Amino acid sequence: MTITKEQAQNIQGIGIAGFRKYTQQLIFARIDNANKARTLLRELSHITANAWEVKTFNELFSEIRHRGRQAEGGVRATWVGTLISASGLKKLGANLDELPGDEGFIAFKAGMAARAQTIGDTRPTDTPEQWKKPFRPGTEAIDLLVVVASDEAAELDEAVARIEKHMARHGCTVVFKERGRTLPGRMRGREHFGFKDGASQPAIDGWDDAPAEVEPPALPIGEFVLGYADAAGQTASVGDFWRDGSFAIFRRLRQDVFGFRQQVAQGVPASDPALDAGTTAAKLAGRWPSGASLQTSPTVDDGNVTNAFGYSGDPEGLNAPRFSHVRKANPRDEPRVDLAQEPTERHRMIRRGAPYGSPLNQAATADDGKDRGLHFISVVADPARQFEFVQSRWLNDPNFPNGATPPTPAQGYGPPVGGEPADGPDPLAGEFDAGAQDTLRQPSGAHQFTVMHELVRVTAGEYFFVPSIAALKRLSE
Ligand code: HEM
């Protein structure tokens with residue numbers, strides 16, 4: 001199915017198109033006066049970017065840059081995304097009861113903090129009770145998230161100031177704001193642990209360029225936008241208000257970069273051949289710093305960034321370990337990925353996050369105590385089947401994928417049979433108890449090692465609806 005211009009002009013640009021800007025400011029606000037807030041919504045409905053314009057801009061920008069010209073000075077844009085939580089929609093009078101009773105809609109309505117048990121936000125380091133104050137349970141302060149993205153600092157500042165002024169004037173209070181931005185120098189395009197981010201995104205049928213044969217197949221738009229058939233051929237029965245909208249998952253993930261460097265400096269005890277720090281880091285991530293996959297570049301970072309690979313030819317994970325972040329997060333052609341026997345395509349996400357905070361000095365000999373990490377933002381049609389499933393069933397579960405099949409969909413994978421060590425949790429973004437074990441597999445044998453502690457901590461989070469442009473207008477009426 002081809003996405004028409006008219007459809008794309010009603011879908012927000014933050015999801016299927018992607019802002020691709022150096023800087024991305026997040027403004028979280030509470031609605032104090034719903035009637036006044038409608039005027040703010042009207043303003044936002046005018047300035048919120050649609051998918052058609054963002055995609056058209058991105059293509060033009062790439063075209064100009066491809067010809068070796070300085071695109072930055074020539075074509076410029078500052079984009080706005082408007083996201084509303086369930087509490088915000090309630091205050092604005094939207095009827096959440098008209099949503100079907102499927103798990104994904106239940107999750108959205110409950111909000112992220114209330115889903116802590118399901119997601120795995122249960123360790124003392126991750127519980128919602130210790131999140132940034134406005135995000136804590138019972139606070140009901142996070143109604144709106146406005147995302148403003150630009151390559152130009154002055155333009156971004158101006159747009160942010162204008163939106164904040166409108167918020168103050170129209171019955172809303174800014175409760176938290178933070179700027180994410182591309183890291184400087186050689187860290188450009190990378191996250192704080194030093195790996196290129198954004199190497200793999202799902203391609204959408206009839207919207208993105210068709211993937212090459214060995215790349216993961218294109219997905220129907222219904223996997224990310226409501227009102228269209230998903231990969232199982234199902235269209236959620238939602239009313240007009242929800243059509244052309246998506247859900248967004250926001251997680252503020254604090255990264256312990258010094259801890260990561262200590263972890264990889266230890267290598268893997270008894271590994272043979274022994275792993276140096278750089279190779280250990282790549283084994284944890286599943287890709288090298290350049291973004292090259294361990295499947296296609298098993299021994300050295302040759303900068304070959306591609307998605308033309310699978311894991312079925314490496315069932316034991318001799319190249320990309322089965323515990324590695326990218327293999328757990330998208331197991332591609334791994335057999336036995338899901339109790340419901342659904343293909344991995346049913347659990348994919350569009351990721352639109354950005355790093356926050358300054359990088360840790362390369363020569364640091366101790367942690368500098370600064371808060372740095374990732375504003376994780378993913379865009380999906382079903383928060384439960386996509387985000388919650390991936391976090392809890394794949395990243396957190398030490399027994400996925402080599403453990404026993406879960407007896408019911410609500411339970412995790414069991415330990416592997418026959419004395420096999422489990423592969424262990426995702427050491428980067430998994431949630432696990434201190435001292436958890438991962439298993440590196442080499443032709444010389446299985447070598448278990450301790451993951452010192454969670455290198456990533458959840459410090460805030462919420463689920464949002466990304467309304468269509470038409471729905472934003474309706475909310476303002
Ligand atoms: C601070 C925490 C995190 C870091 C440092 C991180 C880092 C990375 C890196 C370096 C990549 C490879 C490059 C790419 O394909 O974009 C990646 C891919 C990915 N990450 Fe994360 N990530 C984090 C959290 C998460 C979380 C919480 C999830 C989901 C619950 C997630 C899901 C994914 C997915 C789905 C991919 C693409 C895998 C593929 O298609 O091959 N990540 N991440």
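All ligand and atom numbering here is 1-based and tracks the order in the structure. If you're wondering where the values come from, they're calculated on a predicted model, not measured in any experiment.
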Give the residue, atom name and distance (to 0.1 Å) of the protein heavy atom nearest [atom].
atom: atom 4 (C) of ligand 1; answer: L374 CD2, 4.1 Å
atom: atom 14 (C) of ligand 1; answer: A199 N, 3.1 Å
atom: atom 5 (C) of ligand 1; answer: E191 OE1, 3.2 Å
atom: atom 10 (C) of ligand 1; answer: F195 CB, 3.4 Å
atom: atom 40 (O) of ligand 1; answer: S200 OG, 2.5 Å
atom: atom 41 (O) of ligand 1; answer: R332 NH2, 2.8 Å
atom: atom 27 (C) of ligand 1; answer: Q391 OE1, 3.4 Å

- For the pair F176 and F28, name the ring-plane relationship: parallel under 30°, tilted 30 to 60°, perpendicular over 60°.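 Tilted, since the angle between the ring planes falls between 30° and 60°.
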- Task: Assign the ring pair F260 / F195 to parallel, tilted or perpendicular, where the plane angle (0 to 90°) is split at 30° and 60°.
- Result: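 Aromatic pair F260/F195 classed perpendicular.
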Are side-chain N/O atoms of [X] and [Y] paired as donor and acceptor at under 3.5 Å?
X: H447; Y: Q442; result: yes
X: R188; Y: Y22; result: yes
X: D244; Y: S468; result: no
X: N50; Y: Q12; result: no
X: R332; Y: N307; result: yes

Backbone or side-chain N or O of [X] under 3.5 Å from ligand 1 N or O:
X: G198; answer: yes
X: N330; answer: yes
X: K196; answer: no

- Using a cut-off of 2.8 Å, count how many protein N, O or S atoms are strictly closer to atom 21 (Fe) of ligand 1.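 Number of qualifying protein atoms: 1.
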- Any idea which atoms of ligand 1 are less than 4.0 Å away from a heavy-atom of R348?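 Under 4.0 Å from R348, ligand 1 has these atoms: 40 (O).
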- Task: Under 4.0 Å from a heavy atom of V456: give me the atoms of ligand 1 that qualify, with their elements.
- Result: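 Contacts of ligand 1 toward V456, numbered from 1: 1 (C), 2 (C).
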- Item | ring pair (Phe, Tyr, Trp, His ring centres under 6.0 Å) involving Y463 - partner list, sequence neighbours excluded |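 Expected list: none.
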- Query: Going by the salt bridge (charged side-chain N to carboxylate O under 4.0 Å, His left out) test, which pairs reach into residues 370-383, not counting sequence neighbours?
  - Reply: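 Residue pairs with at least one partner in residues 370-383: R252-D371, R254-D371, D368-R372, D382-R385.
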- Message: So, using side-chain contact (heavy atoms from CB on, under 4.5 Å) as the criterion, who are the partners of A110 when residues are at least two apart?
- Response: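 Here the qualifying residues are A114, R115.
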- Message: Are R179 and T23 packed together at the side-chain level, in the sense that at least one heavy-atom pair is separated by less than 4.5 angstrom?
- Response: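 Result yes, sub-4.5 Å side-chain heavy-atom pair found.
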- Message: Before you tell me yes or no, could you show the steps for K283 and D438 under salt bridge (Lys or Arg N to Asp or Glu O under 4.0 Å), namely the whole-Å CA-CA distance, both residues' side-chain angles and the distance that decides it to 0.1 Å?
- Response: CA-CA 11 Å; K283 291 282 184 189; D438 276 342; over 6 Å; no
- Under-4.0 Å heavy-atom contact with ligand 1, by part of L395 that carries it: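 It is the side chain that gets close, since no backbone atom is under 4.0 Å.
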